[in-house]
Asks: 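My structure is below; once you've seen it, I'll send some questions.
Note that ligands are numbered from 1 as they come in the structure, with each ligand's atoms numbered from 1 the same way. Everything numeric here is computed off the predicted structure, so don't read it as measured data.
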Amino acid sequence: MLITGADGEVGHGLIQQLSQRANHLPIVVLDIRKLDHALRSAVSRIIVGDILDNKLLETLSTEYEIDTIIHLAALLSTSSEFNPENAHRVNVQGTVNLLKLAVDQGQARGQPVKFIYASSIAAYGVPGLAAKQAAGAVCEEQYLNPITMYGCNKLYCEHLGRYYARHYRQLSVQRSVGVDFRCVRFPGLISALTVPTGGTSDYAPEMLHAAAQNKPYASFVREDTTIPFMVMPDAIKALLLLADAPREALTQLVYNVTSFSRSAEQLAHMVRSAFPGAEIAFEPADARQSIVDSWPAEVDDSAARRDWHWAPDYDAGRAFNDYLIPTIAERYRQTEG
Ligand code: AKB
């Protein structure tokens with residue numbers, strides 16, 4: 001198994017979870033940063049490198065038999081707005097390179113490689129707040145007019161996955177094998193162990209981690225801003241459930257997953273309940289505000305529930321009371337100690 005972006009938030013949670021599985025497959029990780037020390041013993045090989053480096057990917061392809069690729073590497077929505085052309089290179093060309101690696105591996109093995117792609121609610125673009133309120137829970141095919149480079153990249157890569165799943169399978173060449181492309185569209189993710197960088201849903205984890213460290217926090221979005229969220233254990237659960245699902249059960253290639261939708265004010269209220277001294281202010285920043293205003297308040301994940309029995313383990317209450325608050329409090333207690 002190959003995991004890209006392994007040193008990111010989702011990568012951390014995924015490696016931890018995979019290493020606890022009995023008889024887990026050897027894990028090769030690829031990231032531009034060296035993998036966190038604590039995770040190194042859980043993987044077979046750490047490659048520090050760039051998904052844009054074709055030579056590196058060719059070497060990888062000759063050295064390893066890869067049956068599954070979990071592609072997490074990406075520049076997130078806010079970072080991508082600062083250098084959209086670079087984001088396009090990393091997010092799109094990087095994905096094409098990995099899809100081609102999957103094709104080559106699949107053809108060598110005579111069996112399609114599973115390609116699990118982490119997409120995002122950024123693929124959506126709802127045209128204004130009134131439409132956002134009226135839309136309710138949006139399904140996979142609605143409102144696909146993203147306003148960010150990251151969102152455009154994610155949506156296009158979903159299409160590329162569909163293309164690669166068909167194209168090589170259709171060619172009448174010997175050993176023609178496609179890619180077993182599967183994609184989850186994630187909402188905003190919140191981890192108790194890591195703070196994300198460069199995203200626009202980051203206000204939620206940032207306010208929580210700031211409160212746990214007794215630091216004041218100014219949210220860059222308005223109080224009423226509402227998008228769907230999920231905690232990291234559920235994000236990992238979704239990736240692994242989709243990867244494990246029998247191909248014939250899947251009726252589509254791209255699936256929404258979600259857990260709870262809350263406004264920034266409701267999140268702040270939950271944070272203040274856990275950390276009564278928390279100082280949370282609201283100082284919206286126009287550019288970032290317009291990005292989250294274009295994301296739906298809720299997504300419909302009924303296809304994932306139906307096809308691969310997706311259900312989050314954590315609703316908002318459990319997410320805060322059983323996972324986020326105790327784990328974060330412990331994390332910062334240890335750092336202080
Ligand atoms: C971001 O904010 O860019 C990401 C995402 C919603 O995909 N967290």
Side-chain angles (χ1 to χ4, degrees), residues 4-5 7-14 70-84 86-88 90-92 94-95 116-126 132 138 140 143-158 183-209 219-222 225-236 238-239 254-264 267 284-299 301 312 319 324:
T4 71
D7 197 47
E9 279 209 297
V10 182
H12 277 217
L14 183 63
I70 303 189
H71 178 33
L72 306 171
L75 288 178
L76 297 184
S77 51
T78 294
S79 304
S80 294
E81 291 307 286
F82 287 106
N83 191 342
N86 187 44
H88 187 275
V90 174
N91 294 345
V92 175
T95 303
I116 314 299
Y117 181 62
S119 187
S120 158
I121 46 161
Y124 290 110
V126 182
K132 176 163 169 161
V138 305
E140 285 82 353
Y143 298 107
L144 297 177
N145 294 303
I147 66 163
T148 59
M149 177 52 91
Y150 172 72
C152 294
N153 298 162
K154 287 291 176 189
L155 182 59
Y156 180 55
C157 288
E158 292 178 4
C183 165
V184 273
R185 251 187 223 156
F186 280 127
L189 299 179
I190 314 180
S191 169
L193 300 172
T194 44
V195 189
T197 45
T200 321
S201 61
D202 294 2
Y203 59 91
E206 282 174 359
M207 72 170 71
L208 185 56
H209 283 264
S219 160
F220 55 80
V221 299
R222 288 186 316 267
T225 305
T226 305
I227 59 166
F229 285 100
M230 175 181 283
V231 288
M232 199 52 76
D234 274 333
I236 307 309
L239 285 172
V254 176
Y255 288 93
N256 282 337
V257 287
T258 187
S259 178
F260 53 89
S261 288
R262 290 291 184 278
S263 69
L267 295 172
D286 289 350
R288 295 181 104 182
Q289 182 69 59
S290 66
I291 293 175
V292 273
D293 285 346
S294 78
W295 294 349
E298 273 178 72
V299 294
D301 63 359
L324 291 170

Asks: Nearest protein heavy atom to atom 1 (C) of ligand 1, by residue and atom, and its distance?
Replies: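 Heavy-atom neighbour on the protein nearest atom 1 (C) of ligand 1: Ser77 OG, 3.2 Å.
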
Asks: Tell me yes or no: between the side chains of Arg185 and Tyr124, is some donor less than 3.5 Å from an acceptor?
Replies: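 Yes - a donor-acceptor pair under 3.5 Å links their side chains.
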
Asks: State whether the number of non-hydrogen atoms from other residues, nucleotides or ligands found under 6.0 Å of Tyr156 atom OH is greater than 12.
Replies: no

Asks: Do you know which two heavy atoms are closest between Leu189 and Ser201, and how far apart they sit?
Replies: N-OG, 4.3 Å

Asks: Can you tell me how far CD1 of Ile147 sits from OG of Ser294, rounded to the nearest 0.5 angstrom?
Replies: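 Here the interatomic distance stands at 3.5 Å.
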
Asks: What protein heavy atom lies closest to atom 8 (N) of ligand 1? Include the residue and the distance to one decimal.
Replies: Ser201 OG, 2.9 Å

Asks: Is ligand 1 less than 4.0 angstrom away from at least one heavy atom of Tyr150?
Replies: yes

Asks: Quick one: nearest non-hydrogen protein atom to atom 6 (C) of ligand 1, plus distance?
Replies: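 Result for atom 6 (C) of ligand 1: Ser120 OG, 3.5 Å.
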
Asks: Heavy-atom pairs closer than 4.0 Å: do any link ligand 1 to the side chain of Phe186, the backbone, both, or neither?
Replies: neither

Asks: Report yes or no: do Glu298 and Ser261 form a side-chain donor-acceptor pair below 3.5 Å?
Replies: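 The criterion, which ignores hydrogens and geometry beyond distance, is not satisfied for Ser261 and Glu298.
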
Asks: Please could you name the atoms of ligand 1 that Thr200 approaches to less than 4.0 Å, counting only its heavy atoms?
Replies: 1 (C), 2 (O), 3 (O)

